[in-house]
Amino acid sequence: SEISAAWYDEDEMEHITQRCLKVIKKAEAGGSRMGRKYCIRGLEGHCTLGSITKKKNRSTARMAVLEEQDRQWSANEAFDDQAIADAYRKT
């Protein structure tokens, strides 16, 4: 069918996930394949350092938004969604 030709099934997704995890483990261990380093493009957020960085960035962005909302609330200002977006974008 067209759907099965266009979409991955559960087994294919599991196979892809396992291959990605294997590449991440080898890359983090400094491994290489035939003298070439593994390419982890797109998998950075799943590596140890990338995961830590992603969590830190999310936390920083969340705090910026909450602080801007608190500032607006404390100043009895009208809701300014653009100021909140700007605070988020600056992180």
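Side-chain atoms are counted along with the backbone in the values below, which use heavy atoms only and exclude waters and symmetry mates.
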Connected-component partners of L21 among ILVMFWY, side-chain separation under 4.5 Å
none
Which donor-acceptor pairs under 3.5 Å do side chains of residues 82-91 form with protein atoms, sequence neighbours excluded?
from : atom 1 : to  : atom 2 : distance (Å)
Q82  : NE2    : D86 : OD1    : 2.8
D86  : OD1    : R89 : NH1    : 3.1
T91  : OG1    : Y88 : O      : 2.7

Please go through I16's hydrophobic cluster and name the other residues, only I, L, V, M, F, W, Y counting, with side-chain heavy atoms under 4.5 Å joining them.
Y8, M13
The criterion is side chain to side chain contact (heavy atoms under 4.5 Å, CB included); which residues satisfy it with L49, sequence neighbours excluded?
T53
Of all residues at least two apart in sequence or in a different chain, which pass the side chain to side chain donor-acceptor pair (under 3.5 Å) check with S4?
S1
Residues at least two apart in sequence or cross-chain that pass side chain to side chain donor-acceptor pair (under 3.5 Å) with E10, listed by chain then number, are none
Could you pull out all residues at least two apart from T48 that satisfy side chain to side chain contact (heavy atoms under 4.5 Å, CB included)?
E28, I52
Side chain to side chain contact (heavy atoms under 4.5 Å, CB included) against R41, all qualifying residues, sequence neighbours excluded
C39, E44
Rounded distance [0.5 Å steps], NZ in K25 versus SG in C47
12.5 Å
For S51, the side chain to side chain contact (heavy atoms under 4.5 Å, CB included) test, sequence neighbours excluded, returns K55
To the nearest 0.5 Å, what is the distance between OG1 (T17) and CD (E12)?
11.5 Å
Apply side chain to side chain donor-acceptor pair (under 3.5 Å) to E14 and list each qualifying residue two or more places apart in sequence or on a separate chain.
Q18
Partner residues of R71 under the side chain to side chain donor-acceptor pair (under 3.5 Å) criterion, sequence neighbours left out:
E68, E77
In Å and rounded to the nearest 0.5 Å, what is the CE to CG distance from M63 to D70?
9.0 Å
